[in-house]
Protein chains: 2
Amino acid sequence: MTTATVRRTPADKHDDRRRALADSALRTLGELGYARASLREIANNSEFSHGVVHYYFHDKLELIVYCVRQYKATCVHRYDGVVADSTTPEGLVAAFADKLVETIVEEAPMHRLWYDLRSQSMFEADLREAVLGIDQTLEDMIWRVVSTYAELSGRAPAMTPHVAYGVLDGLFQQALLGHLCEQEGVLDGLRTQVRDLMPMVLLPAQSR
Amino acid sequence: MTTATVRRTPADKHDDRRRALADSALRTLGELGYARASLREIANNSEFSHGVVHYYFHDKLELIVYCVRQYKATCVHRYDGVVADSTTPEGLVAAFADKLVETIVEEAPMHRLWYDLRSQSMFEADLREAVLGIDQTLEDMIWRVVSTYAELSGRAPAMTPHVAYGVLDGLFQQALLGHLCEQEGVLDGLRTQVRDLMPMVLLPAQSR
DNA sequence: GACTTTTCTGGACAACCGTCAAGATTTCTC
DNA sequence: GAGAAATCTTGACGGTTGTCCAGAAAAGTC
C-alpha cells in the first residue's frame, strides 16, 4: 500500500477503465465509422454492457473524441525511430516511405476513422477543438521528419510545416482510399510518390 | 407538339423533377452532412413531401450519390475560364489561387459534403464507384490547370496528374477546415501557398 | 462481517430513422 | 369530359438510436 512503485488510486483505476473501454471501442469505430457505430454495437464488441458507457463518458461524443485522442497520442511517434536511425537523406526518405505504406496496410481502419472524424468536424462545431489539436500534433510529427531530412541534406525546407503536412496528408489520404478500394499498385505508388516528392520540399542546394 | 425546339417527353419531366429534388436536397446535405441529413429533413427544406423521395429515387444512397454527382458535374469546369483566359504563367497561378479561395468562401457547404462522402466511401463499399469516378474528374480538372501552366512556362510538369491532384487537394482540404473553424488568415494563406507551390510542380527550366 | 461507496446490468423511454403502400390529387390522352 | 396514367400526400411499420435509471453486484472501509 505504501510502496511508491505500485500506487493505484481510485482515479487511476477509473482512467484505466476508460482506456480499456476506448480501446475496444476503437475496433468497432474503425470498422463502422463515427456515424454508424452505435453505443450498443461498441459495447457488444467488448466486455462491457451498453449502459456502462455513460458511467465513464458523458455522452457518445466524449467517448469518440477520447478514443481518437488516445489512438493518435501513440501514433504521433510512429516516425520517431525513422528520424533517429537515419544517417543519410536517401535512407530517411526510404524509411519514411516504407513506414507510411506499412501503416496504411496495418492500420487502415484507424486512419479512415480519423479522416471520418475530421470531416465530421466540418459539420459539428463541438468536434473542432479536438480535431485541430490532433491535426497540430500530426503536423509536428511530419515536421520532425522534414526538418531532419533538411539537416541531413544540408539544405533548407522550401515550405512551412503547415504546407508540408497538407501536401503529404493529401497523398496519404489518396493512397488510403485507393488501398481500401483494392486498387492495384497504390502502395508502391505511394512509396514512389514520396521518394519523388521529398526532394522538392527542400530548396535547391546552394552553390558556393 | 411536333416542334423540335421544345420537346418535353415524360422522361424529360421526370429527370427535371429529379434534378429539382436533388437541388434542394443539396442545401440540407451541405448543412447537415451525409449521416445526419434525414430524408424527412431534406423534404422539409424543400417543396416536396418526404414520401416523394422514394418515387424518384430507389433509396437514400441513390439520392445522395445523384446529388453529389450533379453538383460536381458543374463544378469541374470551375477553372476552365482561368485556363482559357490566362496568357502568362504568373497570371494563371494568380487567377487559379483566387478561384480556389473564392469557392471555399462561396461553396464551403458543398465542399465539406464532398469530403464527407469521400470519407464515408472508405466504410461503405457501395459509395466507392461513384466517389472514384468523381475523384477522377477532379483530377482531370486540376491537370488541365497544371498542364496549361506548364505550357505557358515552357517547362514540363514534375509530377503525375494523380500526385498534383493529391497535393493540391490536401492543401485545399486543410484550408477549408481552417475556414470553417473561422481561423484568421487561412484564405490569404491558401493563396500564398498555391503561388509558392505551383512553381514546384514543374521541372526547373532547361538550360541550353 | 456490517456498512458505504463504487461499479455495473438490463430494461425502459421517447425520438428518430428509412421504407412502404393505400389512397387522394393532378396531369395527360383521346 | 371521361377514363387512364402519372404524381404526390399522409400515415403507419418495424427497427435503431442515445440516454437515463432502479436496482443488482462488487469493492472498499472500518
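To find a chain, count down the sequence lines: A is the first, B the second, and so on, and within it residues start at 1. In what follows, every heavy atom counts, from backbone to side chain, and hydrogens, waters and symmetry copies are set aside.
A straight line from CD1 of B:I42 to P of C:dC16 spans 16 Å, rounded to a whole angstrom. Whole-Å rounding puts the A:R36 CZ to C:dG18 P distance at 13 Å. Rounding to whole angstrom units, CD of residue B:E62 and C1' of C:dT19 are separated by 14 Å. Whole-Å rounding puts the B:H50 NE2 to D:dC8 P distance at 14 Å. One can place CZ of A:F48 at 14 Å from P of C:dG10, the figure rounded to the nearest angstrom. Atoms CG (B:L21) and P (D:dT9) sit 10 Å apart, rounded to a whole Å. Note: CD (A:E47) to P (C:dG10) measures 14 Å, nearest angstrom.
Looking at B:L187 and B:I104, their side chains come closer than 4.5 Å, going by heavy atoms from C-beta outward.
Although no hydrogens or angles enter the test, the distance criterion places no donor-acceptor pair under 3.5 Å between the side chain of B:T103 and the main chain of B:L100.
Applying the 4.0 Å criterion to OP1 and OP2 of D:dT16, one finds that A:S38 has every side-chain N and O outside that range. The phosphate of C:dC8 has neither OP1 nor OP2 within less than 4.0 Å of any side-chain N or O from A:Y55. The phosphate of C:dT6 has neither OP1 nor OP2 within less than 4.0 Å of any side-chain N or O from A:R17. For D:dC8, one of the phosphate oxygens OP1 or OP2 lies less than 4.0 angstrom from a side-chain nitrogen or oxygen of B:Y56.
Listed by chain and number, the residues in a side-chain hydrogen bond (donor to acceptor under 3.5 Å, both in side chains) with B:D169 are B:Y115, B:R118 (sequence neighbours excluded).
When distances run from any side-chain atom of B:K13 to the nucleotides C:dC28, D:dA12, D:dG18, the shortest one goes to C:dC28. Taking every side-chain heavy atom of A:K60 into account, D:dT19 is the closest of D:dC8, D:dT19, C:dT19.
Taking for each of B:R40 and A:D59 the nucleotide of DNA chain D with the nearest heavy atom, the 5'-most of the two is the partner of B:R40.
Side-chain contact check for A:Q174 and B:Y165: no donor-acceptor pair (N or O, by modelled atom type) lies under 3.5 Å.
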